[in-house]
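In what follows, a structure is listed as structure tokens, so that the remarks can point back to it.
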Amino acid sequence: MRIFDLWRRRRPSPDTDDGTDHAEMTPAERRFGRSCPVCGGLLGKPAGQDLDAGQYRQLPALRLEVQASIRPGQFHWRLGYVDGNPFQTTSDVPPTEVAFEYLLCGNGHIFPSDTPMYHNGRRQPTRPAESWSMVAAVGPTGSGKTYLMLRTLRQSLVNERYYGASDPARMHKVELTPLEEVPMRVRGGHYSRTLSEGAPIPATNIDLEGTPYGILRELMPDLVDEIQRIIRETVVDGGAHAQTWGRGSRQPLVIRTATGGESIWTGVSDLPGELFTERNEFRSENTNLRLYDALVWVVDPVIADGGDGIIRNSATLHNYADVMDGNLRPGSLATIDADRIRSERNNVQLRLGELLAGYGGKWTPFKRSTTQSLAVAVNKCDLIHASLDGHLPAEWKEDGTVHLGVVKYLMETATRFSRGECTADPGATALLTLILGDHNAQQEWRIERARAVAIDLLRHYADPDRFWNLVHVGAEDEVRGDTARGQFPWLLRVPSIGEHLDTSLHAATGAKLLARDLVMSALGSGIVCGLGHVDAVHTILTKPNVDLRFFLCSPLATVPVARQFDGQAALTPLDPEKTFPRVNERSAALTQLLMVMLGKARAWHQ
């Protein structure tokens with residue numbers, strides 16, 4: 001008997017169906033929507049018109065129930081549809097106790113179901129995720145997105161120097177379920193190979209390890225065979241769909257957090273740089289980005305205009321080629337000229353800026369009342385750090401592009417603050433108020449104050465130790481105005497990263513603009529402008545429904561170079577006395593970036 005026979009006898013005809021069943025959304029559909037937030041595939045019930053002669057026109061969403069593994073790598077499972085079709089199929093040994101339940105979109109992306117789940121096989125069920133959030137990382141090929149996302153998501157939510165009583169309202173991480181954990185484990189394994197062997201993390205689009213197909217094939221190969229069989233029998237042109245099922249875009253990296261017993265699910269799509277070339281511009285993963293709660297635009301200084309100078313200033317001439325190769329992707333220069341690689345990738349990087357800056361475009365949120373977080377992460381800042389010598393770089397001097405980028409961020413932020421569109425902690429409030437003056441202050445006067453503050457910030461962070469403290473170390477710092485130049489005195493205390501973390505996770509202060517974020521964003525805005533994105537930065541800053549922050553990041557924490565070992569290109573630190581960090585080692589900028597990526601999760605309990 002065909003799979004659909006029993007279902008069709010019980011199901012009203014599309015001609016008589018009043019649509020009530022389809023109009024009622026399940027809790028999971030209300031949480032994630034009826035379409036997959038990653039690929040746009042079907043996640044909820046299909047509409048009546050999505051059926052054709054007893055077959056689905058679209059790949060259907062599936063419900064997967066899994067029993068906790070009895071032995072490593074062995075899972076018992078049950079599979080069915082989410083739309084009322086009574087058909088079910090199971091593994092050879094059916095599950096006797098369901099520990100985890102998932103939804104699979106039509107293309108295989110895995111989401112937690114609304115059904116309570118047994119955590120780690122314990123008898124007490126945990127509550128499902130009450131809220132969810134989607135974050136996408138976009139950037140050109142070789143920009144280091146995977147290193148950045150992995151290290152950022154592995155940052156601790158614990159202030160190691162906090163000695164007070166435990167706070168039950170404080171956010172903490174929750175252990176992932178087996179299927180959710182695989183993408184993080186795969187990338188973590190590659191990172192471990194970088195540390196032990198120097199092997200770079202593979203390109204995002206060349207393997208199936210992190211795809212739904214790869215995840216399920218590794219853990220439950222018999223399940224993948226059964227899904228492909230069902231697709232062949234129940235979907236129009238099922239043979240072709242079965243061959244490509246689950247092999248498209250990767251499964252998001254997942255971080256689960258909880259506050260006061262409420263669980264929040266955050267998925268992070270690490271999108272391949274090739275997705276943003278002209279020929280892929282209208283793929284669904286690309287056009288769906290307006291629906292994400294937060295975007296992380298990863299800017300690669302190596303490929304930008306002026307990147308060649310950064311490389312030369314951060315390495316001896318003898319090591320120039322090794323540093324360039326190590327930062328483009330080890331082995332790249334063996335077949336393609338560096339100038340060509342950088343030009344092609346920078347074209348994508350510039351195009352990303354244009355798309356993010358566009359009004360009414362495919363990356364603009366539908367509703368003006370909907371605010372989308374945009375974090376611009378300048379990656380590979382170890383190179384910028386190595387190029388500093390304590391003197392103000394020529395590109396950072398007054399009235400240069402970098403200086404004007406800092407002024408622009410300070411002025412736009414001060415204006416929003418004056419309008420009540422954002423709030424700030426005491427340190428940031430004092431600096432913004434200093435720029436604004438009283439309500440009678442002329443705009444020209446405010447701009448001059450912003451210009452003076454900007455040059456003071458640049459002079460302070462031209463010192464390599466201070467710059468690196470802001471980027472990586474995260475100790476408390478103070479920035480002072482240069483009164484010797486006849487300017488007004490000012491002093492800003494930049495809190496330690498531990499204090500910043502505590503403030504970010506506190507319900508009363510977490511939504512405010514914090515001093516450490518203000519300083520890093522102002523400096524980051526200038527650097528991104530100096531890398532060729534003046535128009536994009538200035539336009540995005542004026543968009544009312546975009547919360548723009550900048551972060552100066554270095555996932556590897558020291559300049560990497562590419563060298564040959566046993567005929568293979570490998571990554572190793574330029575400085576032989578340094579090592580790459582552990583995957584969960586604290587980095588100030590990465591912790592700050594994580595707070596923005598978890599913005600919706602933090603707002604859930606504030």
Side-chain angles (χ1 to χ4, degrees), residues 3 6-7 25-32 43-45 60-106 108-132 172-186 212-231 234 245-246 251-258 260-267:
I3 291 173
L6 178 60
W7 182 47
M25 300 179 71
T26 66
E29 287 176 330
R30 285 194 294 271
R31 188 179 306 128
F32 295 103
L43 188 59
K45 304 174 187 177
L62 302 170
R63 188 181 301 278
L64 174 64
E65 298 171 322
V66 180
Q67 180 172 327
S69 179
I70 298 174
R71 289 191 294 271
Q74 293 189 3
F75 293 86
H76 299 162
W77 51 265
R78 180 183 297 112
L79 183 72
Y81 295 92
V82 302
D83 61 355
N85 188 331
F87 172 80
Q88 289 186 343
T89 183
T90 69
S91 53
D92 290 341
V93 179
T96 56
E97 181 183 84
V98 174
F100 307 102
E101 186 169 326
Y102 303 95
L103 297 178
L104 308 183
C105 84
H109 292 110
I110 304 163
F111 298 91
S113 173
D114 55 289
T115 302
M117 298 174 292
Y118 288 87
H119 188 51
N120 272 350
R122 300 189 187 102
R123 298 293 298 181
Q124 294 298 319
T126 62
R127 297 183 66 180
E130 298 292 340
S131 181
W132 67 279
H172 59 274
K173 291 184 180 180
V174 176
E175 186 177 351
L176 301 178
T177 64
L179 299 189
E180 291 172 324
E181 187 267 343
V182 173
M184 192 77 80
R185 175 167 54 79
V186 167
Y213 176 90
I215 293 170
L216 296 175
R217 175 62 73 182
E218 176 186 346
L219 297 179
M220 293 171 278
D222 55 336
L223 170 66
V224 175
D225 294 336
E226 187 66 6
I227 291 174
Q228 290 178 322
R229 182 187 72 81
I230 290 173
I231 290 173
T234 67
W245 182 88
Q251 173 69 15
L253 298 170
V254 173
I255 178 171
R256 280 180 176 265
T257 55
E262 302 293 339
S263 178
I264 300 95
W265 184 98
T266 301

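Values in this document were obtained by computation on a predicted structure and should not be read as measured data.
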For [X] versus [Y], what's the shortest heavy-atom pair and its separation?
X	Y	result
Gly108	Pro212	O-CB, 3.1 Å
Pro183	Pro252	CG-O, 4.0 Å
Ile215	Leu179	CG2-O, 4.1 Å
Glu101	Arg63	OE2-NH1, 2.9 Å

Nearest 0.5 Å please: distance from the [atom1] atom of [X] over to the [atom2] atom of [Y].
X	Y	atom1	atom2	value
Leu219	Glu181	CG	CD	8.5 Å
Phe111	Leu103	CZ	CG	8.5 Å
Leu223	Leu62	CG	CG	8.5 Å
Leu253	Thr266	CG	OG1	11.5 Å
Asp222	Phe75	CG	CZ	11.5 Å
Gln67	His76	CD	NE2	6.0 Å

Taking side chain as C-beta onward, heavy atoms only, is [X] less than 4.5 Å from [Y]?
X	Y	answer
Glu218	Val182	yes
Ile255	Lys173	yes
Phe87	Thr234	no
Tyr102	Pro178	yes
Ile227	Leu104	yes

Inset, instruction - Identify whether the distance between the nearest side-chain nitrogen and carboxylate oxygen of Arg217 and Asp225 falls below 4.0 Å. - result: yes
[X] side chain to [Y] main-chain N or O, any donor-acceptor pair under 3.5 Å?
X	Y	value
Gln228	Trp245	no
Thr89	Leu79	no
Gln88	Gly80	no

Inset, instruction - Go through Ile110 and Glu180 one step at a time and tell me if the side chain to side chain contact (heavy atoms under 4.5 Å, CB included) criterion holds. - result: CA-CA 8 Å; Ile110 304 163; Glu180 291 172 324; 5.6 Å; no
Legend entry - Verdict with reasoning, Glu226 to Trp77, per side-chain hydrogen bond (donor to acceptor under 3.5 Å, both in side chains): CA-CA 11 Å; Glu226 187 66 6; Trp77 51 265; over 6 Å; no
